[in-house]
Every structure is written in structure tokens, then in C-alpha cells.
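Encoded as C-alpha cells, the structure appears first; notes follow it.
The figures here come from the full heavy-atom set of this structure, side chains too, leaving out hydrogens, waters and symmetry mates. Proteins get letters first, then strands, A, B, ... in listed order; numbering begins at 1 in each.
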2 protein chains.
Amino acid sequence: MNGAQSLLTTLVGNGVDVCFANPGTSEMHFVAALDAVPQMRGVLTLFEGVATGAADGYARMADKPAGVLLHLGPGLGNGLANLHNARRARTPMVVVVGDHATYHKKYDAPLESDIDSVAGTVSGWVRRTADTADVAADAAAAVAASRAGKVSTLILPADVSWADGGGTAPAIPAPADPTVDDDAVLSAVDVLQSGAPTVILIGGDATRTAGLAAAVRIAAASGARVLCETFPARLRRGAGIPAIERLAYFAEAAQEQLAGAAHLILAGATSPVSFFAYPGKPSDLVPDGCDVHILAEHAGAAAALEQLADELSPGSIAEVAAAARPEMPTGGLTAFSVAAVVGALLPENAVIVDESNTAGVGVAAATAGAPAHDVLTLTGGAIGYGIPAAVGAAIAAPDRPVLSLQADGSAMYTLSALWTQARENLDVTTVIFNNGTYDILRIELARVGATSAGAPGPRALELLDLGSPAIDFVKIAEGMGVPARRVTTAEELAGAMADAFAAPGPHLIDAVVPSLFG
Amino acid sequence: MNGAQSLLTTLVGNGVDVCFANPGTSEMHFVAALDAVPQMRGVLTLFEGVATGAADGYARMADKPAGVLLHLGPGLGNGLANLHNARRARTPMVVVVGDHATYHKKYDAPLESDIDSVAGTVSGWVRRTADTADVAADAAAAVAASRAGKVSTLILPADVSWADGGGTAPAIPAPADPTVDDDAVLSAVDVLQSGAPTVILIGGDATRTAGLAAAVRIAAASGARVLCETFPARLRRGAGIPAIERLAYFAEAAQEQLAGAAHLILAGATSPVSFFAYPGKPSDLVPDGCDVHILAEHAGAAAALEQLADELSPGSIAEVAAAARPEMPTGGLTAFSVAAVVGALLPENAVIVDESNTAGVGVAAATAGAPAHDVLTLTGGAIGYGIPAAVGAAIAAPDRPVLSLQADGSAMYTLSALWTQARENLDVTTVIFNNGTYDILRIELARVGATSAGAPGPRALELLDLGSPAIDFVKIAEGMGVPARRVTTAEELAGAMADAFAAPGPHLIDAVVPSLFG
């Protein structure tokens, strides 16, 4: 078999059987090999950032890596922002970047560029395969490395792909469960039994039901406050699930949540820092004099919390959120009434992909008692994540409804993911919070003190305005084959959302809401 | 003044008075400074690849750099593909990448990433400004470096931007004209007078009228064959302009053009290589035994050709292309009838931004005798260039009609440039060659031998198909505020094109054409 067939065979043999692809000439043997290795599902995306975002959403829901196929350095560049988000989410992913043939690189052909340097900035593992005979072993190593929560990038020269001499590699065994650090657990017991005010910040694998339940048991037994990291990769929540408040995005609010803590215990989360720096405000959000203790890293956080809960309160049962839905709102839409409609209508076992940003400020409260669901968030802050991630989530979880809550500005980065939703007939309902402005930047403009001398100037405000011309997401979605509807009242939104959830395939709802600035 | 005001003041003082921007929190002081430095025109783009592509198109037409404002590493990543094209075009550009505050970086906040490594892959000049007092000097140095045909990247931490203590820098004098290498000219005279078969390959600054005229004079005097590089940054052509054939994209065709040459003289062009490698075919397209001579590098090629022409044939006048338009076609559209309509209707002094790829195969011949115009091409092969570059070209040349010839697949990468065209009311007519497939990849699939055993398999072909669902560019364009029309006959296209050229502002024409594969 040739190198491309060796690659696909090895990936499939290691459980990587979906590949989000935007190929070019140097990847044509990979494309041709899809007919030789039909166990691999190739999913076409029309932009590389869609492929990488989809692979991120897929892995968060499937708990295994997807493959990504990119074309040379520019293709990797186009995929970089969502690889950044995946890196922050500790998402396992196997990225194959096709390159020029080994002997062709010295000619500096127009598409030649430094792939390796770019790949290194987002990948936990990078390898350039030089020989077709090595493809299988390299591909298996890429999968293995990814399982530790890394983006693995395999750079595959065209001649390595097309030459014969490829083989197979034995399947890589699943990694062992992370071990719990008994000493760290005992230290945490001491802290929690000391009576000093303590906050436990959870993240990593502790944001699923088991970790949440353990954290809530610990809180109940010790009086500690439990918070979840601001942007969890995948958070379970809703009726019947132990509820944990998230650390706020805005540093001022986060400082209030952490105020007074003498101890901070980290379980799968990193020590809290401000998302951006602001003049005269601290970057490190740990209160002065607060001791920070690491209970567990990203993987193994749930297990450590469970052991800690059993030490403190053996046999206890975590309190869970009660079923409750907001009253269905009426009248003209606001960001909050959109949230209430979402809370009122969220289907059972949904996946919410949340890139609603400022406009989604009311969603968490409105869905706290909705049927249990998973939330995927913008872990790395690189916008253009939501619509692609919804593609991947829907492919990973075809029996679950996917609700993609999307800010208008962020939606414009990777719009063509809608086309892939249509092509694959994915059960995704996208709600655009269309407020016609970069509201987050209008807030940040003031927060960074750029307008300390008064109101922002007209030329600054103009650069943050999305309303001239107004963006019509209905037409854009329909242009890509996704049925869409524009709504301006809560009643219309409720009708559109109910219809979308009831019908298979993708739908988009363009929900016109006022800016927070009126 | 603060660092941001110092930056804008310095840029404007050095002639950089347009900035294509997609800002975030770390760039808010730059945005606020637009009101303090109103000579700087800020142009909002909704995706960073639009900003970088627009700056490329701008500089190619304005012959001076634009500024670009990007947000952190992910923003730079999103802009990378069109920075790659700019690097290949030797486009002057000043890219400002905002970064976290200097003291904030150690906290590894969610958006922290290795900006420097990514910037280094596309930039001829990179600097990270550490002190507000250095902003003016660094900005001036960035402009100066860019004028040598480089992407200059200035990484500006937020606190350097917001702190007071910024100053001004003296304006940088324009660079001296490149000197001609007299020895290289005399060597070329010897080669051309030897009687041996010779090809002159021109590029760089020789693809404007002066260089073209000199090259045609040399060809007439010596019998040498003159060719233009495959993807010139900006090529002048049409009625009244000396006409020079371009080196073909497909290596087989390029080899035929170069066959039999004993000498190859390079004037602003690099030695010809195959765009990609193909099994069993050479990468280096220089014929065996052919001697390669460098007459001039990218800058100074026109001057060297003029000196050479004067040596060979003092006082001679270059032959120019006669005015001629194709007959207006009728009936159902094909790629060739679209080209004929373009040739028949091209307005005076147009700028053609050409990303029509395979579908545009007939355009060069059909416009050879159309009114004189400039053509901007896809220098680096990174698709998603055309719609953004048209934005920049229209801003640089507001009195000239811009015709954006765009392949459907490539259009999907940076679609939101249409919104910026509408917002700025730019006189751009976009013609989408909508054939519903990645035709270039169907060709390449065969050329790389991936289907040597027979026809491509159904799963491979499916991954190159854009037709399910069909993309409706009329709706997409209208969704972004650009009036649009779908055409399926030559008559409809002619009517739509005439209307678009007659009315100010942007228009899009969705021209449905068959795939080359039927």
C-alpha cells in the first residue's frame, strides 16, 4: 500500500475514523485512499478553520480524536485559531498537514513555507514523516500522543504519501487512567478541615457528572466554595446534575467570587488569571495571602475529587439541580428573553455549543434547571469556534440535538461551516444573537481605559459597528443550504426554535436583539 | 501621547494612512486613537484574512504599504494565508499585532500564544516593542523595511500601547531606486547576440508598462522569447500595452514554452519551478543544459531591461497590443463565454483581481485587446485572496472600476470581504465562476497519479464536490449588503455586468458554469 493508505489504515485501526478535510494537490493521495479505506469518513469543509473547529467539537463529545486534513502552511494558518482553542481545551486531535514532496522543497515553490514553526505553536506533538515505511508508526504515535490531550501534527510530504512501501502498526493500547496523588488529597483534607475560607476551582475532566458530584459533596461537607473554570471544555449541567457556578469572565466579578479565600485548591483548573490585562488592575486573581494547592492536573481531576469527597464524607450524595424552566417570555426580543426561550424549550440531552459571548449573558441562569445537557465553551478565546464545533459535536453525537448559540460578530469568521452542516444533514439549530455590534469591544474599550477622558469617539465606535450594512443571516444561511428564519419577538423565536428542534437537519434562527448599549 | 497615538502619528507621517483592522481588547487604544489621528482611515474587516488580503491588494495598486491591525496570535493565524501571498508578491505591508501587556504574558492567559514564531514565517521584518518611548522609532523602521517589499510585523503589547511617553520619529526618506548591474546587462547582451535560443523571464517591477516595453524591444531586436512569471503581483496589459505571454501554471505546458532554450535570463523573476511535485516529473523547469543568468532581482528589473533594450536597439519602440474585443457570445454560459463577455465589456482602466483559477482559463486571451488594465494574481497560491484584495484595490484606486473574477471554491474562504465592500461602498464587480466543484483538484487528482489505476473512486470525488448543497452566492452576497444577480446565459451575464459597471458600489454576479468535467 502507499503512504496515504498506510496512514488511513493506521488511523482507523486506532479508532480515528472521522477526518475533517480541506485538501489540496499535495493531499490528493489521501483523498484517493478514502476509497481504499472506507472505514474512514471524510467530511469536507470549505475552510480549514471549520475543519479544526469541527475536530475540536467532535473530540469533546466523542472522547476520542478526529483527524484533520490540511493543505500546506497556508491551510495550517487558516486552521490555527481553532487549533489554539483545542490546545486550551486539551482536545485530542490528529492533524495531518500535507507538504510538498521532500525533493521539491528546495525549489521554494510558491506555496512553500515554514509549516513546522507554525505547527509548533499549537501542537503538543509534531513530526515530519520522511519515509513511507515510517508512516504507520508515526501515525500511531500521533494518535497516542493526542490521547494525552494534545494536538498532534503529522507533516506528510506528498512523495511520502504517494510512494509504495507503507505498512501497518499495531493498535496502541488506551492510556492508563491517571493516578490520584494521595498526598495532595490528604493536604486538601487538612486545608478543608482547618476551617479557613477555601475555594475549590475545578476544570479538566472534573466538569462531567462524576467530578461535579464529588465537588458538591466536598462543598457540603466542608463549607468550601466550589467554582468551575470560566471556559470548561465540556460542562455537564441542568436538572438532576450537581450545579457549580462558573468563575466569571470579567476579572472584577471573578475577584468578588474569590474574595476572602485563604486557600485555593485547583482540581483540573489552572490558577485564575485575568483574561486580559487592564491598567491598574491585577492580572493574578488569587487574593493576597491566599495559598494555592494543586489537587490534580487536567486529567484525573474527577478521580482526585472523588477520593477527597470519600475522605471527607464517605457515602454522601451530592445535591443536584432541580428541574425548572423559565417562564416563556413575550414581546420584543432582548438577550435575556432569548435566553429564557432557550431555557424554556431546550430538548432532552442537548449539546449546547456556546459562542454567544456578551449577548449570551443570561443563558446560564435560564438553563440551570433545563433538561440535563452538555455545554462546550470557547476555551481559548479565539472566536469563530461555534459553528464549526457544532458540526463536530453533531457528528460525534448524532442522536443528540445540538444547539449552537452564536454571537453575530464571531459567526462571520467561519460561516461556511453552515454549508457542511447542510451537506451532512446535521441536527444543529443555530441561534444568532444579532445585535449588530461588537458589544464586547465596546465594554472592553471602557475597561482598558481607552476612553477614560470621556465617551469613545465616533471613529472608534464606527470601527466596532456591524450594523452598516446590517447582516442578514437568513440569506447567508439559505445561500449555504440551511433553512433559516428571522425573529424579532419571543413568540417568533419560540415558534422557530420548536420547529427547528422538531425537524431533522440544520436550521438557523436570526434573532434580532438590541445591543447592551441600546 | 500614548503609544497607540505615537504609532498612528508615525504611520501617517510615513504615508501609511489606511489600516485594515479586526481589533480585539488588546488593540482598544489603537482604535481609540483613530479619533486623535483622523488622518488614519480605519477600515473594519470581519475576519483577519480579509484585512491582510485587502492590505495586499491596496499596496499593489497604491505602491505604498497599508497598515493591518490584528488581535493576538489567533488573529495573526487567521491572516496568515494572505500574508503568505503578500510575501510572495513582495508586497510592502505594516502589520501591527496587539499582544497582552508585557507583565501579563507570564500568566499564560487563554489567548496567550507564540506570536513571534508565527510572524517570522511570513515577515521579512519582525519586532516586539518593549517600551512606549520606542514605538515611533519601531513604527518608522517597520515602514522603512516594508518598502523593500516585505511584510513588516510589529508586535505591540497592550501596556506599551496604553502608556504615556510616546513620541514622534522623523519621516523616513523614500528608498533610492535600485541600481542596474552593468555587468549583468553586458552579459545579457552577449547571450542575446550569440544567436543561441534564449528565453527572458520577467517579473517583479518589470510587469508594468516600462518593463514590458523594454522586454518587447529586446525580443524584437534579438529574437529571444519573452515570458512573464506565472503569477505576477501586478501586470499591465490590454490595448496599447506591450503584450507578453505568461509562463503556464501546468508544468507540462511551461516546459513546452521553455523547450529548446540554451539560455534563460531572469529579470525580476525566480527560476521556474513546478508549482507542485508530480511523480516522475521534474520540479525544476529549466531545460537540461540551459544556462540561467540573473539580470535583475525583483526591484530594478524594469530599469535593467530598459538599459538592455537601449544597448541592443537604441531608440526602438515596442510593439503594443491592438485594440480588439471578442464577439459577444450567446446562449448558455461556459467558462469561455464568461471570459468573452468580460473581454467584450471590460471598462477603461479597470483593475482585474484574478482568483478565477481553472474556470478563468479563457480570460487572458479574451481580454488581450480590451482597454488597458491591471491584473492582480494569486502570487502565493493560498486561496481566499480575491474578494479581500478587491477591497484593497478599490480603496487604493477609487476612480477605477475593480473586476473581481472569483472561483466558487476559493470564494468561500474569505466571504465576509463582501460586507466590507458594502460598508465602504466600493466600486467592485465580483463575478463568481460557480461550477459547483473543486475542478482544479479533479485535474490534480489525475496529474499526481492518485487515480493511475483507473477513474477516481466515488468517495474521493465526493470530497471535491461543492454542489450538494449548491451554493447560492446571490443570497450570500445580499446577506452582506451587496446587490447580486444569478445568470445562466451569456446575455444575462452581459446585462448584469453592464448594469454593475454602470452603477456605483459593489455588485456580485453568480455565473453558473459547467465544470470542466461536465
Side-chain angles (χ1 to χ4, degrees), chain A residues 21 25-26 28-29 31-32 34-35 42 44 46-47 74 77-78 80-81 84 88 100-101 104 107 109-111 113-114 117-118 121 158 162 273 275-277 279 283-284 380-382 412-413 415-416 422-423 444-445 448 450-451 456-457 459-460 463 468-469 471-472 475-476 478-481, chain B residues 21 25-26 28-29 31-32 34-35 42 44 46-47 74 77-78 80-81 84 88 100-101 104 107 109-111 113-114 117-118 121 158 162 273 275-277 279 283-284 380-382 412-413 415-416 422-423 444-445 448 450-451 456-457 459-460 463 468-469 471-472 475-476 478-481:
Chain A
T25 297
S26 39
M28 282 300 101
H29 284 81
V31 172
L34 289 170
D35 286 288
L44 177 61
L46 302 187
F47 176 71
N78 283 336
L80 208 65
H84 172 85
R88 291 300 185 185
H100 284 307
H104 193 70
Y107 295 107
L111 272 164
S113 71
D114 181 356
S117 290
V118 176
T121 67
W162 76 49
V273 300
F275 207 85
F276 293 104
S283 291
D284 185 348
M412 296 302 289
Y413 286 66
L415 265 179
S416 74
R423 176 180 165 102
E444 296 285 35
L445 191 64
V448 301
T451 60
R459 304 180 85 241
L463 209 73
S468 176
I471 300 170
D472 183 339
K475 284 190 169 171
I476 291 171
E478 289 177 349
M480 299 193 202
Chain B
T25 298
S26 38
M28 282 300 100
H29 284 80
V31 172
L34 289 170
D35 285 288
L44 176 61
L46 302 187
F47 175 71
N78 283 337
L80 207 65
H84 172 85
R88 290 300 185 185
H100 284 307
H104 193 70
Y107 296 106
L111 272 164
S113 71
D114 181 356
S117 290
V118 175
T121 68
W162 77 49
V273 299
F275 207 85
F276 293 105
S283 291
D284 186 349
M412 296 303 288
Y413 285 66
L415 266 179
S416 74
R423 175 179 166 102
E444 296 285 35
L445 192 65
V448 300
T451 60
R459 305 180 84 241
L463 209 73
S468 177
I471 299 170
D472 183 339
K475 285 191 169 171
I476 291 171
E478 290 177 349
M480 299 193 202

As an exercise: rank [options] by heavy-atom pairs under 4.5 Å with chain A and give me the winner.
options                          : result
G77(B), G42(B), S113(B), P279(B) : P279(B)
L111(B), N78(B), V31(B)          : L111(B)
D472(B), I471(B), L34(B), T25(B) : T25(B)
P74(B), A109(B), A277(B)         : A277(B)

Measure [X] against the heavy atoms of chain A and call it side chain, backbone, both or neither at under 4.5 Å.
X       : answer
L80(B)  : side chain
R88(B)  : side chain
V273(B) : side chain

Set of side chain to side chain contact (heavy atoms under 4.5 Å, CB included) partners for S117(A), sequence neighbours left out: D114(A), T121(B)
Look at [options] and state which one has the largest set of heavy-atom pairs under 4.5 Å with chain B.
options                   : answer
A422(A), S283(A), G481(A) : S283(A)
A101(A), A81(A), G380(A)  : G380(A)
P469(A), S416(A), A158(A) : P469(A)

Checking the side chain of H84(A) only, and the main-chain atoms of P110(B) only, is there a donor and an acceptor separated by less than 3.5 Å? yes
Under the ring pair (Phe, Tyr, Trp, His ring centres under 6.0 Å) rule, collect the residues that match up with F47(A), sequence neighbours excluded. F47(B), Y413(B)
Testing the basics here: between P456(B) and L445(B), what is the closest heavy-atom pair and its distance to 0.1 Å?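 Here P456(B) and L445(B) meet closest at CB-CD2, 3.5 Å.
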Once you round to the nearest 0.5 Å, how far does CG of L46(B) lie from CG of L415(B)?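 Atom-to-atom, L46(B):CG and L415(B):CG are 11.5 Å apart.
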With rounding to the nearest 0.5 Å, note down the distance linking NE2 in H100(A) to CZ in F275(B).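 H100(A) atom NE2 to F275(B) atom CZ measures 7.5 Å (nearest 0.5 Å).
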Please say which of M480(A), K475(A), E478(A) ends up in a side-chain contact (heavy atoms from CB on, under 4.5 Å) with I476(B).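 Considering M480(A), K475(A), E478(A), a side-chain contact (heavy atoms from CB on, under 4.5 Å) with I476(B) is found only for M480(A).
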